[in-house]
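Only one structure is covered here, and it is reproduced in the block below.
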Amino acid sequence: MKKILIIDDDELVRHVTRTILAKHEYTPIEAQDGMEGIAIFKKEPPSAVLLDLKMPGMDGIQTLAELKKIDSDIPIIMVTAFADIPTAVQAIKMGAYDFLTKPPAIDALLISLTRAIENYELHKALTSLDTTLETSLEWVFGKSAAMKNVIRQIRQVSKSDFSVIIQGDTGTGKSVVAQTIHNLSRRAEKPFQSVDVGVIHENLIESELFGHEKGSFTGADRKRSGFFETANTGTLFIDELENIPLQLQSKLLRAVEEKRIYSIGSTKAIDVDVRIIAATNTDIKEAVRNKKFREDLFFRLSEFMITVPRLNERAEDIPFMAMKFLTKAGIELNKQMREIDSKAMELIQGYPWPGNVRELRNVIRRAVLLSNDGIIKASDLEFLSIETPGGTQTDDLLPLKKIAASATRDAERSAIKRTLAVTKGNKTKAATILQVDYKTLLTKIKDYGLGADRS
């Protein structure tokens with residue numbers, strides 16, 4: 001039973017509040033003034049505080065300030081007369097969770113307490129993730145059946161030294177899955193190196209992975225260790241695996257099989273003990289069938305495969321993830337965030353989230369920045385929808401891989417051109433809608449001669 005500390009100088013108010021709380025499975029604790037309330041708070045930390053604004057001696061504002069010094073996150077609900085609402089608003093700015101007018105309606109009191117305690121417990125869970133990661137994976141990934149399956153796979157493979165390929169659309173959290181596998185593995189205290197080959201020029205990928213000797217090519221003015229060497233004894237996460245050039249894949253295969261690398265310009269072997277986790281936002285098996293990815297390398301890296309579902313395929317996780325990001329953004333921006341109202345949550349749940357979890361996180365962060373009262377409203381989310389000048393939504397825009405599978409180059413060019421028009425030339429949003437990485441989109445824009453279009 002959650003302990004609720006009632007600090008009020010009015011004995012009748014304390015009695016009525018105590019009765020209500022006890023009937024709804026709370027454990028009420030009473031204090032008749034601020035000093036006594038602080039003393040009890042230190043001895044018996046509650047889950048929430050109901051604090052009278054007007055009290056003799058130390059008033060509610062002073063008591064609030066002292067309680068926040070002890071626990072800055074404890075939810076404190078101010079109870080005040082109607083005439084003192086401006087002072088209650090001041091209390092909100094000082095960190096109070098909510099305020100209720102006297103006498104508080106039972107439903108309003110219980111709803112405010114429930115939300116306050118849930119928010120407090122979520123905050124505590126988030127701040128303790130670093131030390132309780134293994135038992136808190138649902139707080140990281142969600143509680144849907146689809147993500148519970150992903151969590152189960154993470155726990156299974158983290159106990160081994162298997163190479164892993166993580167598949168999923170851009171923004172689904174593949175890098176978080178990779179980091180979590182490393183954190184739960186026997187290599188957790190060893191290096192975790194991450195390289196996104198999708199943002200590296202094709203001619204430099206070999207150097208980034210294996211390193212180079214001084215003078216081995218133009219611009220190599222010094223010896224440089226590659227990611228394989230810096231990740232030695234730990235984990236190397238290769239993002240956008242599909243972008244590794246075909247001619248380099250044989251060297252990668254040899255390095256993985258022999259646990260030995262050669263930097264560019266050197267004939268001296270370097271022994272490495274590296275676990276490989278790779279990620280791709282394309283169907284890597286299709287790339288193998290199309291001879292764009294070596295079959296033997298695929299079999300070597302795919303000792304275990306995890307597919308991370310799109311956010312709109314696990315809609316039941318959206319409210320939870322939104323509230324998690326609300327709490328995180330509140331901490332980051334030092335703002336006391338209370339809730340997402342029903343209309344805003346309806347908008348969030350109805351949006352297709354083409355950018356997946358990453359887009360949801362960014363949208364909530366921006367909404368927190370815009371919010372002035374600790375509540376996310378629909379008006380804080382107006383930027384969710386991307387519209388054409390005529391008001392058409394992006395619902396009928398398709399990912400490029402679906403277009404490419406059934407259409408000509410002209411259709412793909414048309415899709416890119418139209419999406420750039422819809423996003424008013426914003427290539428980042430266009431890449432999200434088309435479900436391709438940013439570098440691939442830039443390459444296609446160049447190939448199709450769309451550089452003169454909106455950019």
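Please read these numbers as outputs of a predicted model, since none were measured by experiment.
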Quiz item: Could you give the distance from CD (Gln153) to NZ (Lys148), rounded to the nearest 0.5 Å?
Solution: 15.0 Å

Quiz prompt | ring-ring contact (aromatic ring centres under 6.0 Å, His included) pairs, two or more places apart, involving residues 413-433 | solution = none

Practice problem: Determine whether more than 12 heavy atoms belonging to other residues, nucleotides or ligands lie under 6.0 Å from atom CG of Asn372. | Solution: no

Self-check item: Pairwise salt bridge (charged side-chain N to carboxylate O under 4.0 Å, His left out) hits with a residue in residues 46-61, at least two apart
Solution: Asp52-Lys102

Self-check item: Any donor-acceptor pair under 3.5 Å from Thr114 side chain to Leu110 backbone
Solution: yes

Exercise. Would you sort out whether Glu30 and Thr17 count as a side-chain contact (heavy atoms from CB on, under 4.5 Å), showing the intermediate values?
Key: CA-CA 10 Å; Glu30 296 179 48; Thr17 307; over 6 Å; no

Quiz item: Would you call Ile117 and Tyr26 a side-chain contact if the rule is heavy atoms closer than 4.5 Å?
Solution: yes

Quiz prompt | Spacing of CZ belonging to Phe141 relative to CG belonging to Asp317, to within rounding of 0.5 Å | solution = 11.5 Å

Exercise. Using a 4.5 Å cut-off on heavy atoms from C-beta on, say whether the side chain of Phe99 contacts that of Val89.
Key: yes

Exercise. Could you check if a side-chain atom of Phe227 sits within less than 4.5 angstrom of a side-chain atom of Ile238, using non-hydrogen atoms only?
Key: no

Self-check item: Backbone N/O of Val176 and side chain of Thr180: donor-acceptor pair under 3.5 Å
Solution: yes

Quiz item: Side-chain contact, heavy-atom cut-off 4.5 Å: Phe41 with Ile7?
Solution: no

Self-check item: Between CD1 on residue Ile284 and CZ on residue Phe298, distance to nearest 0.5 Å
Solution: 7.5 Å

Exercise. Please report the C-alpha distance between Leu113 and Ile4 in whole Å, then the side-chain angles of each, then the deciding distance to 0.1 Å, and finally whether the side-chain contact (heavy atoms from CB on, under 4.5 Å) criterion is met.
Key: CA-CA 9 Å; Leu113 272 176; Ile4 309 298; 4.0 Å; yes

Quiz item: Between Ala430 and Leu420, what is the shortest heavy-atom contact and its length?
Solution: CB-CD2, 3.9 Å

Quiz item: Taking the side chain as C-beta and beyond, is there a heavy-atom pair between Arg115 and Tyr97 under 4.5 Å?
Solution: yes

Quiz prompt | Under 3.5 Å donor-acceptor, His182 side chain and Gln193 backbone | solution = no

Exercise. Heavy atoms only: give me the nearest Pro46-Ile74 pair and the separation to one decimal.
Key: O-CD1, 3.3 Å

Self-check item: side-chain contact (heavy atoms from CB on, under 4.5 Å) between Phe237 and Val164, worked out
Solution: CA-CA 9 Å; Phe237 174 51; Val164 183; over 6 Å; no

Quiz prompt | Considering all heavy atoms, the nearest Pro309-Thr172 contact | solution = O-CG2, 3.6 Å

Quiz item: When you look at NZ of Lys2, are more than 12 heavy atoms from neighbouring residues, nucleotides or ligands closer to it than 6.0 Å?
Solution: no

Self-check item: Option from Val195, Thr280, Asp196, Val199 for which side-chain contact (heavy atoms from CB on, under 4.5 Å) with Asp239 holds
Solution: Asp196

Exercise. Taking all non-hydrogen atoms of both residues into account, name the closest pair between Ala231 and Val274 and its distance.
Key: O-CG2, 3.8 Å

Quiz prompt | Whether Glu303 side chain and Ser163 backbone form a donor-acceptor pair below 3.5 Å | solution = yes

Quiz prompt | Pair Phe325-Arg365, side-chain contact (heavy atoms from CB on, under 4.5 Å): steps then yes or no | solution = CA-CA 7 Å; Phe325 293 139; Arg365 285 180 74 240; over 6 Å; no

Quiz item: Partners of Thr170 by side-chain hydrogen bond (donor to acceptor under 3.5 Å, both in side chains), sequence neighbours excluded?
Solution: Asn281

Quiz prompt | Interatomic spacing from CD1 in Ile76 to CG in Leu67 - rounded to 0.5 Å | solution = 4.5 Å

Practice problem: Describe, in one word, how the ring planes of Phe162 and Phe304 are oriented to each other, choosing from parallel (under 30°), tilted (30 to 60°) and perpendicular (over 60°). | Solution: tilted

Quiz prompt | Validation row: Leu450, Lys444 side chains within 4.5 angstrom (heavy atoms) | solution = no

Quiz item: With the threshold set at 4.0 Å, does a side-chain nitrogen-carboxylate oxygen contact exist between Asp98 and Arg338?
Solution: yes

Practice problem: Answer yes or no: is there a donor N or O on one side and an acceptor on the other, between the side chain of Lys174 and the main chain of Gly168, under 3.5 Å? | Solution: yes

Quiz item: Can you tell me how far CE of Met78 sits from CG of Leu51, rounded to the nearest 0.5 angstrom?
Solution: 4.0 Å

Exercise. Look at the side chain of Asp341 and the backbone N and O of Lys343, then say whether any donor-acceptor pair between them is shorter than 3.5 Å.
Key: yes

Practice problem: Measure the spacing between CZ of Phe320 and CG of Leu122 and express it to the nearest 0.5 Å. | Solution: 6.5 Å

Quiz item: Asn356 side chain to Leu311 main-chain N or O, any donor-acceptor pair under 3.5 Å?
Solution: yes

Quiz item: More than 12 foreign heavy atoms under 6.0 Å from CE of Met58: is that the case here?
Solution: yes

Practice problem: Give a yes or no on this: more than 12 heavy atoms of other residues, nucleotides or ligands lie within 6.0 Å of atom CD1 of Ile375. | Solution: yes

Quiz item: If you count the non-hydrogen atoms of other residues, nucleotides and ligands that lie under 6.0 Å from NZ in Lys68, is the total more than 12?
Solution: yes

Practice problem: Identify the heavy atoms of Gly34 and Met55 that sit nearest to each other, and give their distance. | Solution: N-CE, 4.0 Å

Quiz item: Do the side chain of Arg275 and the main chain of Ser160 share a donor and acceptor less than 3.5 angstrom apart?
Solution: yes

Quiz item: Got Pro191 and Thr233 here, is their nearest side-chain heavy-atom distance under 4.5 Å?
Solution: yes

Exercise. Salt-bridge test for Lys69 and Glu66: reply yes if a basic N is under 4.0 Å from a carboxylate O, no otherwise.
Key: yes

Self-check item: Main-chain N/O of Val140 paired to Lys324 side chain as donor or acceptor, under 3.5 Å
Solution: yes

Self-check item: Validation row: Ile77, Leu50 side chains within 4.5 angstrom (heavy atoms)
Solution: yes

Quiz prompt | Taking every non-hydrogen atom, the tightest pair across Leu137 and Arg155 | solution = CD1-NE, 3.7 Å

Quiz item: Between Asn119 and Ala116, is there a donor-acceptor pair closer than 3.5 Å when you use the side chain of the first and the backbone of the second?
Solution: no

